[in-house]
Visitor: 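Following this message is one structure expressed as structure tokens.
Reckoned from all heavy atoms, side chains included, excluding hydrogens, waters and symmetry mates. Chain identifiers are assigned alphabetically (A, B, ...) following the order of the sequence lines, protein sequences preceding nucleic acid strands; residue numbering begins at 1 within each chain.
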2 protein chains.
Amino acid sequence: MLGPLDTLIKALKRLPGVGEKTATRYAFYILNAGSDDVQSLIESIKAVKAELKLCSVCFHLTDVDPCEICSNSRRDSTRLCVVETPLDVLTIEKSGIFRGLYHVLHGVLVPLEAIGPDDIRLPELVERVKKGGVEEVILALNPTVEGESTAGFIRDQLKGTGVTVSRIAYGIPVGSSLEYTDPLTLGRALENRIKL
Amino acid sequence: MLGPLDTLIKALKRLPGVGEKTATRYAFYILNAGSDDVQSLIESIKAVKAELKLCSVCFHLTDVDPCEICSNSRRDSTRLCVVETPLDVLTIEKSGIFRGLYHVLHGVLVPLEAIGPDDIRLPELVERVKKGGVEEVILALNPTVEGESTAGFIRDQLKGTGVTVSRIAYGIPVGSSLEYTDPLTLGRALENRIKL
């Protein structure tokens with residue numbers, strides 16, 4: 001009787017973190033929304049799949065190749081920020097602090113799942129650095145076991161190229177309090193203390 | 001550069017309770033999902049808009065008219081459960097406890113927003129009851145000020161029809177504890193106590 005609704009709820013449950021109840025709420029929103037809103041949702045889903053590709057230089061998402069960041073001559077091409085996902089690029093761009101270029105790995109090394117250097121955009125990073133022009137590689141990987149071992153691996157791979165390899169600081173988030181900081185972060189914050 | 005992505009994020013932010021971050025996560029899921037998954041999402045959105053209508057008897061959502069509940073001869077047509085939304089019907093049906101028929105009001109009376117009896121399916125309810133065959137009208141409206149005043153209004157409208165008008169019980173949710181119950185609910189639970 002409500003077959004189409006059940007099918008939609010099932011499809012919406014595939015979105016990350018969405019269960020039966022949230023999917024049902026979304027489905028009822030769609031059911032009650034104006035057909036203009038629904039049409040624009042459908043069109044935007046189609047467009048995102050059809051128009052976005054990976055930049056052939058940095059592997060960020062883009063609809064032109066090379067992407068607008070890579071082809072922007074006002075950005076500092078001597079600094080390369082290495083991230084795991086395109087979402088990380090968006091996050092850093094939103095902060096407006098970094099003016100260099102990016103390299104998106106599309107993952108990290110996970111030996112237990114047999115994800116090796118050739119499964120992510122790591123050979124392309126090494127090649128890009130060896131081509132010259134880069135002075136510093138800033139690793140902005142997630143502070144996970146895999147992120148850190150990938151950072152170590154990249155550092156080793158880039159040895160001998162004369163390029164400085166750094167990683168972003170781990171510590172207490174600004175605006176947070178010691179009380180709510182987990183022991184691991186606190187340990188890192190103490191370890192990486194800065195002389196005043 | 002990421003125009004299509006921004007457009008999609010904007011469209012997804014119209015879903016109830018979805019902000020920038022959640023919309024971005026959904027957009028990236030859609031971006032990375034297989035085209036089969038995305039196609040089935042689009043198809044199910046279209047189907048829900050195209051195929052679902054309101055039942056001409058009870059105003060629940062349906063793809064056949066009258067709906068499968070109204071046309072099911074094994075259900076008890078002497079008992080009518082009045083709810084605010086089609087979602088409420090789904091919730092009660094899921095419990096499997098009620099075997100009567102429904103009447104969906106599609107809202108409640110909100111005098112402050114000028115939502116009167118003719119703006120919801122209230123005249124249709126009165127007409128349906130006056131046609132005869134109904135012995136009890138069970139009001140399953142939300143325990144809000146508007147829900148309760150609508151319940152009172154319906155009771156008055158059905159006076160003289162000889163039909164019993166009842167409302168579902170308010171009280172402490174089963175499995176919950178007194179400690180976490182708000183004072184209003186607790187007050188209602190005490191007021192509506194049952195002799196053992």
Visitor: Drop me the distance from A:Ile45's CD1 to B:Gln39's CD, to the nearest 0.5 angstrom.
Guide: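 Answer rounded to 0.5 Å: 10.0 Å.
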Visitor: Let me know if B:Thr24 has heavy atoms under 4.5 Å from chain A in its side chain, its backbone, both or neither.
Guide: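 Side chain only.
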Visitor: Does the side chain of B:Arg14 reach to within under 4.5 Å of the side chain of A:Ser40, using non-hydrogen atoms?
Guide: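 With C-beta onward as the side chain, the pair touches.
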Visitor: Are B:Val126 and B:Leu141 connected in a single hydrophobic cluster, I mean Ile/Leu/Val/Met/Phe/Trp/Tyr linked by side-chain heavy atoms less than 4.5 Å apart?
Guide: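 Yes, same cluster.
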Visitor: Are B:Val57 and B:Ile154 joined in one hydrophobic group, where the rule is that I, L, V, M, F, W and Y side chains link up if heavy atoms are under 4.5 Å apart?
Guide: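 Looking at the clustering, B:Ile154 is in a separate group from B:Val57.
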Visitor: For residues A:Leu8 and B:Ser44, report the shortest heavy-atom separation together with the two atoms involved.
Guide: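 Closest pair (atom of A:Leu8, atom of B:Ser44, distance): CD1-OG, 3.5 Å.
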Visitor: Got a second to check how far B:Leu15's CG is from A:Leu12's CG, nearest 0.5 Å?
Guide: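 Rounded to the nearest 0.5 Å, the CG-CG separation comes out at 7.5 Å.
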Visitor: With a 4.5 Å cut-off on side-chain heavy-atom distances among I, L, V, M, F, W and Y, is there a chain of contacts connecting A:Ile138 to A:Tyr170?
Guide: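 Cluster IDs for A:Ile138 and A:Tyr170 differ.
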Visitor: With a 3.5 Å distance limit and no angle check, can you tell me whether A:Lys49 reaches the backbone of B:Ile30 through a side-chain donor-acceptor pair?
Guide: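 It does hold such a pair.
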Visitor: With a 4.5 Å cut-off on heavy-atom pairs, point out which of B:Thr85, B:Thr7, B:Leu41 contacts chain A the most.
Guide: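 When all of B:Thr85, B:Thr7, B:Leu41 are compared, B:Leu41 has the most.
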Visitor: Name the region of B:Leu90, side chain, backbone, both or neither, that has any atom closer than 4.5 Å to a heavy atom of chain A.
Guide: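 Contact with chain A is through the side chain of B:Leu90 alone.
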Visitor: When only pairs under 4.5 Å are counted, which of A:Asp37, A:Ile9, A:Val38, A:Asn32 shares the most heavy-atom pairs with chain B?
Guide: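 Highest number of heavy-atom pairs under 4.5 Å: A:Asp37.
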Visitor: Quick one: are B:Phe28 and A:Leu61 in side-chain contact, heavy atoms under 4.5 Å?
Guide: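 Answer yes - side chains close enough.
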Visitor: Might you point out which heavy atoms bring A:Pro16 and B:Tyr26 nearest each other, and give the distance in Å?
Guide: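 Closest approach of A:Pro16 to B:Tyr26: O-CE2, 3.5 Å.
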Visitor: How long is the straight-line distance from OG1 of A:Thr91 back to NZ of B:Lys21, given to the nearest 0.5 Å?
Guide: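 Taking NZ in B:Lys21 and OG1 in A:Thr91, the distance rounds to 7.5 Å.
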